[in-house]
Amino acid sequence: EMPFLCACHSFKRTGLILGSLLLILLISLATSSVSAFEEDSSSEMAINEADIDAISVSGVDGSDINYDVVSAGDADALEKGLVDETTLDADADGEFLNEGPTSHRITESTYSTYFNNGTLINSKFNIGDIIDLSGTFKNKDFKINMPLTITSSAKDAKLINCTVQILEGASGSTISNLFINNSGITEKNIIYLYAVENITVCDNTVFSEGFRSYPVRLFNVSNSNISNNYLESIKGDQMASPSNIVTTLAYYNLISNNTIICDDNNGIYLYSTGGQTGGAYNIISNNDISSSRPIPSSFCYGIQLQGYGNTIANNTVHNMYRGISCMGANDVIDNVIYNIHGSYNSYTGDNGVDEGGEGAIVASANCNVIGNKISDCFLNNSMASISISGSNVLVENNSIVNCTGFGMKYGDTDVENLNIINNTIESQNGGIYVSASINNVLIKDNTINTTNGVGISLAKRSSSKYPSNVT
């Protein structure tokens, strides 16, 4: 029995030794793993939020995405306007870590940090940065000469007697979400674009009662977008109210979806001056334009064009003395024009005398007047809903309903090629009136109903001046 007991005891002892060795090995492996974890963690934790302000990571498309990391203290300082956001994007050596546009929150109290006598301090900004206005500003100019966005992200900026000027060098800028009320400055444009292109002016509200203080003024501007703005001008105690959008040397711009209320002037005015055209190849579309005057004066034209190659389409013009007026070759297409009326001078209208307006559409040579709907116009007896002059004019698919005066009237000398096709006319004094020396007249497929019973009238101006080659 003793040898068996000894053998069992020896086997048991050997097992204890092997178990101890296995336990030591497991503890060693676990310690190694913990050490590795701690080593990896310590290297990762070495990147501390307090030591950086921005982390750039690679996006799924391979581009850089910038995330701002701002401490609670920094956020509080920003709110109080005590720091410049650009400082939050720099490391300890002053190197910028965030390559994306920076948003600069500016209040009236921090205005002088970014502008010197109204002019941008360029060193405070990078191209594409955002000027984010907040609160009320009084009697301030914002002159921008580099590509920036000027906006109010909270939509709480109120600019009183201020101007925003996008000047040469600032092509590509945007103005949005601003409320501007000018009641105290004259002959100073409110939103002014000068010698720039690719500008966006959208979603702003602008009031002006300053003489020649146009809510929006464009000079030498191309490929820009003026849209979704509310623009109102009033006469106040000035000698005249300003037109709402005025352009000179404006090319390939879009003026669209604006609500425009004028007092005693034009809604949209492409203004030719000093031999410089008001504009060419612009699209003016889907605007709502009216006068706030109970009886508009002869200053009140909805759209006045002194330019060529422009398209005026799908606008609504109402309560004006003249609806759309073209001097030059332009297309007037699918507009709705109604309630055209008024008195020649403001004084007469102010005294409640409505003498009748001057016309819904006045077109000149090389114009196309197509698909417009004209209704409920009280016109002077000698005027017409559509008045035409010059050669090579097409008047087609228009409707005129419940209007006084003539339906259409043409009176010019030594011109040719007038086409009046497929129009519907309900008027008082006559449907279509053509006089003077004009050659090649086509009047075709029109439906005419008049109070005086005269559908088409071809009249001599003299023994040698009368329409010829009429079909």
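In this text, all values refer to a predicted model and were calculated from it rather than measured experimentally.
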Report yes or no: does [X] contribute a side-chain atom to a donor-acceptor pair with the main-chain N or O of [Y] at less than 3.5 Å?
{"X": "N398", "Y": "T424", "result": "no"}
{"X": "D288", "Y": "T259", "result": "no"}
{"X": "N253", "Y": "S224", "result": "yes"}

Can you tell me if [X] has over 12 outside heavy atoms packed within less than 6.0 Å of its [atom1]?
{"X": "Y194", "atom1": "OH", "result": "no"}
{"X": "M327", "atom1": "CE", "result": "no"}
{"X": "E168", "atom1": "CD", "result": "no"}

Practice item. Could you go through the side-chain hydrogen bond (donor to acceptor under 3.5 Å, both in side chains) check for S291 and N319 one step at a time? Key: CA-CA 6 Å; S291 171; N319 195 42; 4.6 Å; no
Practice item. For residues 131-154, pull every pair meeting ring-ring contact (aromatic ring centres under 6.0 Å, His included), keeping only residues two or more places apart or in separate chains. Key: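 Applying ring-ring contact (aromatic ring centres under 6.0 Å, His included) to every pair that reaches into residues 131-154, excluding sequence neighbours, yields Y111-F142, F115-F142, F137-F142.
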Review point. Nearest 0.5 Å, what's the OG-CD1 distance between S208 and I185?
Key: 7.5 Å
Exercise for review: Go through the steps to decide whether E197 and S171 satisfy the test side-chain hydrogen bond (donor to acceptor under 3.5 Å, both in side chains), and finish with yes or no.
Suggested key: CA-CA 5 Å; E197 62 182 359; S171 292; 4.9 Å; no
**Study point:** With sequence neighbours excluded, residues passing salt bridge (Lys or Arg N to Asp or Glu O under 4.0 Å) with K373
**Key:**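 Counting only residues at least two positions away or on another chain, K373 forms no salt bridge (Lys or Arg N to Asp or Glu O under 4.0 Å).
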Check your understanding: Are the aromatic rings of Y321 and H341 close, with centres under 6.0 Å apart?
Key -> no
For [X], enumerate each residue passing the side chain to side chain donor-acceptor pair (under 3.5 Å) test, keeping only those at least two apart in sequence or located in another chain.
{"X": "N122", "value": "N145"}
{"X": "E108", "value": "K140"}
{"X": "N392", "value": "N366, N417"}

Review point. Is it the case that D132 and S153 place a side-chain donor and acceptor less than 3.5 Å from each other?
Key: yes
Check your understanding: Quick one: salt bridge (Lys or Arg N to Asp or Glu O under 4.0 Å) pairs with a partner in residues 309-332, sequence neighbours left out?
Key -> R322-E358
